[in-house]
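Some notes on the structure that comes next.
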Amino acid sequence: NEHGAYLNMAYYTKSSGSSTLYLPKTDGSEKSDVLINGNHGIMYIFEDAPENNTIVWSDSSTDTVLMVSGEIDENELINIAINVKTMKNAVFE
């Protein structure tokens, strides 16, 4: 945005083999378990480095692990995560 804040979104499909999920350093964060559309997730909130605020969750219907991070508060992170839609067997050209 105009203030330099960003939003990072990533996804990893479990069925495509082994993947590595890179998270910001989680030391110093407040970690909490969350439910996103009935799926387990973990949220990391940083008081001293809010640009690293992150939520990671899995979508069991599509075997996908998703991540949203950026300088946004926990309510916005959860709201964004809840509104992410995944599609099974999606094809991108």
Side-chain angles (χ1 to χ4, degrees):
N1 68 15
E2 66 276 0
H3 304 291
Y6 68 91
L7 176 68
N8 181 35
M9 297 185 74
Y11 71 93
Y12 305 87
T13 57
K14 296 178 193 176
S15 60
S16 65
S18 177
S19 295
T20 302
L21 177 64
Y22 294 98
L23 294 174
K25 184 177 175 183
T26 58
D27 294 345
S29 69
E30 180 182 324
K31 178 183 171 186
S32 56
D33 292 326
V34 293
L35 279 178
I36 304 298
N37 299 323
N39 296 294
H40 174 73
I42 301 172
M43 184 167 47
Y44 301 93
I45 299 297
F46 296 82
E47 185 176 320
D48 295 336
E51 66 276 6
N52 292 332
N53 290 348
T54 302
I55 188 167
V56 179
W57 74 103
S58 61
D59 181 334
S60 59
S61 68
T62 58
D63 288 331
T64 304
V65 176
L66 301 109
M67 179 181 76
V68 175
S69 64
E71 193 170 346
I72 51 181
D73 68 31
E74 61 187 276
N75 292 329
E76 289 179 290
L77 277 174
I78 291 170
N79 189 43
I80 290 168
I82 287 170
N83 286 289
V84 170
K85 305 294 183 220
T86 57
M87 298 183 318
K88 194 167 192 161
N89 301 322
V91 176
F92 300 98
E93 295 183 24

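If you're wondering where the values come from, they're calculated on a predicted model, not measured in any experiment. FYI, side chains are in, hydrogens and waters are out, and symmetry mates aren't considered; it's all heavy atoms of this structure.
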Hey, mind stepping through Ile72 and Ile80 against side chain to side chain contact (heavy atoms under 4.5 Å, CB included) and telling me if it holds?
CA-CA 10 Å; Ile72 51 181; Ile80 290 168; 3.6 Å; yes
Is a side-chain donor-acceptor pair under 3.5 Å present for Asn39 with Ser60?
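Side chains of Ser60 and Asn39: pair found under 3.5 Å.
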Establish, from distance only, whether the side-chain atoms of Asn83 and Asn79 form a donor-acceptor pair under 3.5 Å.
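Yes - a donor-acceptor pair under 3.5 Å links their side chains.
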Under the side chain to side chain contact (heavy atoms under 4.5 Å, CB included) rule, what do Ile78 and Met43 come out as? Steps first, then yes or no, please.
CA-CA 9 Å; Ile78 291 170; Met43 184 167 47; 3.8 Å; yes
Do the side chains of Leu77 and Ile82 join up, straight or via other hydrophobic residues, at under 4.5 Å, putting them in one cluster?
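Per the 4.5 Å side-chain linkage, Leu77 and Ile82 are co-clustered.
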So do Glu71 and Asn53 actually touch side chain to side chain, heavy atoms under 4.5 Å?
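No; the side chains remain at least 4.5 Å from each other.
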Walk me through it: do Met67 and Ile55 pass the test side chain to side chain contact (heavy atoms under 4.5 Å, CB included)?
CA-CA 6 Å; Met67 179 181 76; Ile55 188 167; over 6 Å; no
Could you please spell out the steps behind the side chain to side chain contact (heavy atoms under 4.5 Å, CB included) verdict for Asp59 and Leu66?
CA-CA 8 Å; Asp59 181 334; Leu66 301 109; 4.0 Å; yes
Using the side-chain contact (heavy atoms from CB on, under 4.5 Å) definition, which of the options Asn37, Val84, Val65 pairs with Trp57?
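Single side-chain contact (heavy atoms from CB on, under 4.5 Å) partner of Trp57 among Asn37, Val84, Val65: Val84.
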